[in-house]
Amino acid sequence: MDKTISTVYDPKQVEEKWYKEWEARGYFHAEVKPDDPAFSIVIPPPNVTGQLHMGHALDNTLQDILIRWRRMQGYNTLWMPGSDHAGIATQIKVEENLKNEENITRYDLGREKFIERVWEWKEQYGSRILNQLKRLGASCDWQRERFTMDEGCSKAVREVFVSLYEQGLIYQGSRITNWCVRCHTALSDIEVEHEDQPGKLWHVRYPVVGEDGIYLTVATTRPETILGDTGVAVHPEDERYKHLIGKELLLPIVGRKIPVIADSYVDPAFGTGAVKVTPAHDPNDFEMGVRHDLPHVVVIGMDGNMLPEAGKYEGMDRYACRKVLVADLEEAGYLVKVEEHQHSVGHCQRCHTVVEPLVSKQWFVKMAPLAKPALDVVNDGRVQFVPERFTKTYTNWLENIRDWCISRQIWWGHQIPAWYCDDCGETIVSRTDVTVCPKCGGAVRQDEDVLDTWFSSGLWPFSTMGWPEDTAELRQFYPTSVLVTGYDIIFFWVARMIMLGMAFRQEVPFRHVFIHGLVRDSQGRKMSKSLGNGIDPLEVIEQYGADTLRFMLITGNTPGNDMRFYWERVESSRNFANKIWNASRFVMMNLDGYDAAAPKAPYTLADEWILSRLQQTVRDVTNMLENYELGEAGRLLYEFIWNEFCDWYIELAKARLYNHEAAEARATAQSVLCSVLEAAMRLLHPFMPFITEEIWQCLPHDGATIVLKTWPKADEALLNPAAESQMNLMMDVIKAIRNMRAELNVPPGKKSPALLQVATDELAALFDNNSGYLRTLGAVDNLTIGRLDDAKPEHAMTAVASGVEIYLPIGGLIDVPKETQRLQKELDSLDKEIARVEGKLSNAGFLAKAPNDVVEKEQAKAAEYREKRQSIQERIAYLASLV
RNA sequence: GGGGCAUUAGCUCAGCGGGAGAGCGCUUGAUUCACAUUCAAGAGGUCGCUGGUUCGAAACCAGCAUGCCCCACCA
């Protein structure tokens with residue numbers, strides 16, 4: 001890196017080169033070293049058909065920062081990568097592809113051929129998203145890449161299924177479950193997304209059998225299910241209907257006789273207080289049907305079309321049937337009224353079709369016994385959520401958990417290890433494939449269903465480490481250190497991993513759950529395909545580099561909260577990378593003749609100050625990383641590098657660098673520049689891995705790579721509060737001078753004479769020793785240092801700092817009103833501060849109860865402000881005397 | 001119905017018990033000397049409202065208002 005290199009940082013020339021190098025040299029690979037402290041993360045496996053989106057970019061940036069930081073701290077660090085077979089999502093994708101490319105369905109191919117095609121798809125596209133993660137800089141151990149349907153994970157799945165079955169925690173049953181009529185499969189409760197939609201409440205009157213002209217009116221949002229009614233329920237205490245309980249009604253259109261039953265489920269205040277009961281098509285009605293022994297009449301089929309039981313409506317789509325049936329009811333005089341009614345409608349998470357509750361035979365996991373230990377470990381802190389508030393989300397869900405439907409009527413996934421004997425009716429659940437019935441020797445057939453994708457994801461923290469074998473990986477890396485994921489999959493994934501980890505490892509799968517929010521568009525909308533408002537992280541990387549994207553994603557937001565994507569923020573991060581690049585160029589360009597071993601002059605105030613600031617930054621950044629405050633850590637580094645190192649230290653070091661005569665002083669400046677920049681690059685490396693490696697390699701350094709370099713430790717000996725406060729005073733004075741020069745519109749090239757009048761010998765010495773700072777950064781020449789009680793200059797602008805009056809004499813007469821106004825403004829703000837501080841100090845309660853150091857601090861402030869006020873007042877009085 | 005989050009500068013957000021902050025935008029000035037993807041200076045805020053706790057509240061507590069989100073078997 002030298003002058004000939006562009007002043008604009010080009011990530012393209014850097015990122016690919018270093019990633020290849022890191023991977024080739026195996027820096028990300030973790031060997032088991034039983035004696036070393038371990039730090040491990042399993043990646044939330046992205047869908048194998050997926051493409052990197054902003055959510056992934058954020059999630060994996062957070063993980064990579066933690067992993068790189070701990071790796072530098074010397075932990076034996078494992079980041080386990082892999083992908084998820086994503087049953088329904090993948091199957092839909094491949095089916096769509098078959099439709100588009102060959103105009104065939106999966107049924108045309110048959111199960112075996114179809115699954116082959118999905119595997120082909122997986123081979124072709126499965127590595128795409130993982131390669132995209134590499135572009136982001138993710139330092140995963142790629143030698144350990146896993147897939148939820150690979151041999152090992154599948155073995156774990158089967159072991160867990162059979163074992164839960166043997167414990168009686170997996171059972172099969174005919175129940176009403178959520179059914180997607182498009183995907184043609186059952187869904188678990190959490191795969192149904194409820195949405196409030198405007199609908200109607202139809203009031204329909206049912207004639208009472210044998211009592212002419214007497215009707216019972218029911219209210220329903222789903223009139224088409226009338227065809228499946230087998231009862232009408234009222235509340236047992238409802239005076240309006242008590243006399244009808246036990247009587248029969250004539251179901252309109254259908255003509256079936258159905259009973260009036262009493263059930264306390266009914267809310268007399270809602271609708272008419274009478275509920276039609278359709279046990280085959282509504283979960284509540286199903287329960288009532290059980291309680292009152294009502295028959296099931298199934299009128300809606302698995303494809304959402306009406307069945308023969310629906311009579312003349314057979315074959316109609318459920319919504320077409322609704323329309324026709326309502327018209328028929330109206331015509332026949334059964335429709336009493338129609339009200340607008342907002343209600344919640346369930347949709348399939350994958351295809352957004354309205355879910356139909358239907359009765360079918362499915363496999364379920366009994367959740368209560370699994371939930372108990374999973375609640376315990378969170379309540380007693382063995383698993384901690386960050387931010388903490390998500391524990392509530394988690395526990396609320398687990399406390400009200402219902403059994404989990406795990407069977408799916410699709411083909412892509414882990415086929416359920418259950419076999420049926422048609423001869424004797426035996427069901428065999430087995431760890432090994434079954435060919436003949438062990439009971440009767442008859443032929444068996446395997447259950448055709450596959451398991452919910454989340455069943456295998458739930459095992460991910462241990463299935464990827466070789467379970468059910470007892471492996472060295474499990475012993476070293478399980479439990480993992482932290483899980484990093486979005487709040488949207490706490491139920492789907494986090495809770496299941498904890499339950500299954502406790503059940504099969506008797507140990508938590510991770511100690512911390514670090515939750516982040518969603519990346520939204522600039523208007524705060526969710527990024528989605530249908531809105532077309534998604535921003536491709538790869539496009540950002542292409543244009544601005546991965547470091548920029550990473551830094552943009554982790555700053556300016558707070559853990560667990562959503563964030564918005566702004567190109568302006570990308571540019572701001574890009575500017576930061578460029579700033580670092582140019583500061584580093586500057587340092588390199590001034591290293592000629594540098595010899596670390598050569599004799600050096602003692603540190604200057606600026607050296608002591610920046611070294612002290614570095615130690616404090618090391619301390620703060622490390623603390624923040626420990627508390628998962630990644631954004632704050634990033635912000636701190638931004639401020640240190642830009643506002644302190646670049647804006648002040650580099651400028652202050654220039655005088656020595658450019659003076660080749662004073663070799664020892666020059667060497668000191670060079671050495672501080674190098675060491676501070678080198679340490680800053682290490683601190684920043686987890687956040688911006690590429691640019692920091694590139695720069696680090698160009699600086700004098702030990703070791704092969706920054707990736708494995710040790711994380712900086714704060715050197716207490718270099719913490720220097722005195723130097724910091726002296727330097728702060730220098731900076732205050734310089735800023736005051738710049739301010740006055742700006743007011744006067746003095747061109748930068750023109751120097752100003754300045755007079756400082758100070759309170760003490762120490763201050764006089766401080767400014768005398770460091771007058772060069774004022775000359776270079778304050779554009780001062782002819783600096784005079786006097787004492788506060790010296791005569792004041794006449795034609796001069798004035799400012800005050802702590803213990804210092806600053807005068808900028810100007811050639812001609814000063815603009816008295818303008819200068820008075822400027823000082824008055826300063827005086828006003830001082831008065832405000834003084835009023836506040838004095839208010840405190842005159843408060844007996846404050847003096848008695850506030851900690852001593854706080855009181856002392858306030859007293860010191862009061863003294864400083866009063867002194868400043870006096871200086872300004874005197875100056876204003878003097879200006880007034882001129883008129 | 002239950003729960004959560006948000007409300008701070010024009011915009012997007014940090015801060016979360018002791019002197020109101022950043023980025024972007026805005027105003028003014030600056031280009032041989034690391035960087036105009038830059039530098040310097042500046043304007044801009046009774047920290048949603050009402051109570052309470054405290055010597056002290058933007059921050060803690062309660063209530064309210066507005067917006068967003070999650071959960072729940074609202075026929």
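So that the names make sense, note that chain A is the first sequence line, chain B the second, and so on, each numbered from 1.
- At most 12 heavy atoms of other shown residues, nucleotides or ligands fall within 6.0 angstrom of atom NZ in A/Lys200.
- Across B/A40, B/G23, B/U12, the shortest atom-to-atom separation from the side chain of A/Arg738 is found for B/A40.
- Side-chain polar atoms of A/Arg656 and A/Asn659 form no donor-acceptor pair below 3.5 angstrom.
- Residue A/Lys392 places its side chain closer to B/G4 than to any other of B/U38, B/G18, B/G4.
- In this structure, A/Gly199 reaches neither bases nor backbone, as no heavy-atom distance under 4.0 Å exists between it and the strands shown.
- Using a 4.0 Å heavy-atom cutoff across all strands shown, A/Arg402 reaches sugar-phosphate atoms only and no base atom.
- For the P atom pair drawn from B/C47 and B/C11, the interatomic distance equals 16 Å after rounding to whole Å.
- Neither OP1 nor OP2 of B/U12 sits under 4.0 Å from any side-chain N or O of A/Asn557.
- Contacts of A/Ala274 with the nucleic acid, taken as non-hydrogen atoms under 4.0 Å apart, include base atoms.
- The side chain of A/Phe270 lies closest to B/C74, out of B/G15, B/C74, B/C39.
- Residue contacts for A/Thr272: at a heavy-atom cut-off of 4.0 Å it reaches no nucleic acid atom on any strand shown.
- Among the heavy atoms of the strands lying under 4.0 Å from A/Phe491 are primed sugar atoms or P, OP1, OP2 only; no base atom is included.
- When rounded to the nearest whole Å, the span between OH of A/Tyr566 and C1' of B/C24 equals 10 Å.
- A/Met552 places its CE atom 14 Å from the P atom of B/U12, with the value rounded to the nearest Å.
- Using N1 to N3 plus N6-O4 or O6-N4 for Watson-Crick, or N1-O2 and O6-N3 for G-U wobble, each under 3.5 Å, B/A59 pairs with nothing.
- Separation of the A/Phe270 and A/His341 ring centroids falls under the 6.0 Å cut-off.
- In terms of polar N and O atoms assigned as donor or acceptor, the side chain of A/Arg574 comes within less than 3.5 Å of the base of B/U37 in a complementary pairing.
- With a cut-off of 3.5 Å on both pairing distances, the Watson-Crick or G-U wobble partner of B/G10 is B/C24.
- Residue contacts shown for A/Glu632 are limited to sugar-phosphate atoms, with no base heavy atom under 4.0 Å away.
- If you take atom P in B/C24 and the same atom in B/A36, they sit 16 Å apart, rounded to whole Å.
- Contacts of A/Val587 with the nucleic acid, taken as non-hydrogen atoms under 4.0 Å apart, are absent.
- If you find the closest nucleotide of RNA chain B to A/Gly271 and to A/His194, the one lying nearer the 5' end belongs to A/His194.
- The side chain of A/Asn396 has B/G3 as its nearest neighbour among B/G3, B/A75, B/U37.
- Using cut-offs of 30° and 60° on the angle between ring planes, the pair A/Tyr638 and A/Phe551 is parallel.
- Taking the P atoms as reference points, B/C5 lies 14 Å from B/A14, given to the whole Å.
- The nucleotide whose nearest atom lies closest to any side-chain atom of A/Arg564 is, among B/A36, B/G3, B/C13, B/C13.
- A/Asn590 has its CG atom 7 Å from the P atom of B/A34, to the nearest Å.
- Checking A/Leu249, A/Ile258, A/Ile226 one by one against A/Lys276, the side-chain contact (heavy atoms from CB on, under 4.5 Å) holds for a single residue, A/Ile226.
- Across the protein-nucleic acid pair, A/Asp647 atom CG and B/A41 atom P stand 9 Å apart, rounded to whole Å.
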- Query: Is there a side-chain contact (heavy atoms from CB on, under 4.5 Å) between A/Gln859 and A/Leu841 once you walk through the steps?
  - Reply: CA-CA 7 Å; A/Gln859 281 164 341; A/Leu841 290 173; 3.7 Å; yes
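- One P atom belongs to B/U8, the other to B/C68, and the distance between them is 16 Å to the nearest Å.
- Pair check for B/U53 finds none; no Watson-Crick or G-U wobble contact set falls under 3.5 Å.
- Comparing B/A41, B/C5, B/A14 by their nearest atom to the side chain of A/Arg389 picks out B/C5.
- Each of B/C74, B/A34, B/G18 was ranked by its minimum atom distance to the side chain of A/Phe586; first place goes to B/A34.
- Nearest heavy atoms, A/Leu294 versus A/Pro259: CD2-CG, 4.0 Å.
- Among the nucleotides B/A41, B/A40, B/C71, the one closest to any side-chain atom of A/Ala742 is B/A41.
- Scanning atom types as modelled, one donor and one acceptor separated by under 3.5 angstrom connect the side chain of A/Glu651 and the base of B/A34.
- Distance noted for atom C1' between B/U32 and B/G23: 31 Å (whole Å).
- Aromatic ring pairs are classed by plane angle as parallel below 30°, tilted from 30° to 60° and perpendicular above 60°; the pair A/Tyr544 and A/Trp567 is tilted.
- Neither OP1 nor OP2 of B/C68 sits under 4.0 Å from any side-chain N or O of A/Asn561.
- With a cut-off of 3.5 Å on both pairing distances, B/A72 has no Watson-Crick or G-U wobble partner at all.
- Atom CG of A/Asp562 is separated from atom C1' of B/G67 by 14 Å (rounded to the nearest Å).
- Residue A/Thr221 has its side chain nearest to B/A75 when only B/A34, B/C24, B/A75 are considered.
- Here B/G67 sits opposite B/C5 as a Watson-Crick or G-U wobble pair (both hydrogen-bonding atom distances under 3.5 Å).
- When heavy atoms are screened at a 4.0 angstrom cut-off, A/Lys750 is found touching no nucleic acid atom at all.
- In this structure B/G29 sits in a base pair with B/C39, meeting the Watson-Crick or G-U test at under 3.5 Å.
- Taking 4.0 angstrom as the limit, A/Thr7 places none of its side-chain polar atoms (N or O) nearer than this to OP1 or OP2 of B/U38.
- Across all strands, A/Tyr265 comes closer than 4.0 Å to base atoms (heavy-atom distances).
- Toward the 5' end of RNA chain B, the nearer of the two residues A/Thr558 and A/Glu571, judged by each one's closest nucleotide, is A/Thr558.
- With C1' as the reference atom, B/U53 and B/G17 are 12 Å apart, rounded to whole Å.
- Checked by atom type, the side-chain pair A/Thr217/A/Lys337 shows no donor-acceptor distance below 3.5 Å.
- Out of B/U37, B/G18, B/A75, the shortest distance to the side chain of A/Val8 is found at B/U37.
- Residue contacts shown for A/Ala848 are absent, as no nucleic acid heavy atom lies under 4.0 Å away.
- For the C1' atoms, the distance linking B/C69 with B/A62 amounts to 24 Å, nearest Å.
- Residue-level contact check: A/Lys654 touches the bases, meaning some heavy atom is under 4.0 Å from a base atom.
- Listed pair A/Trp642 / B/C39 meets the phosphate criterion, a side-chain N or O lying under 4.0 Å from OP1 or OP2.
- Among the atoms of the strands shown, none is found under 4.0 Å from any heavy atom of A/Asp488.
- In this structure, B/G17 makes no Watson-Crick or G-U wobble pair, since no nucleotide meets both defining distances under 3.5 angstrom.
- Within 4.0 Å of A/Asp196, counting heavy atoms only, lies at least one base atom of the nucleic acid.
- Among the heavy atoms of the strands, none lies under 4.0 Å from A/Glu287.
- Of the C1' atoms belonging to B/C70 and B/G21, the separation is 32 Å, rounded to the nearest Å.
- Checked against the 6.0 Å centroid criterion, the rings of A/Phe491 and A/Trp493 do not qualify as a close aromatic pair.
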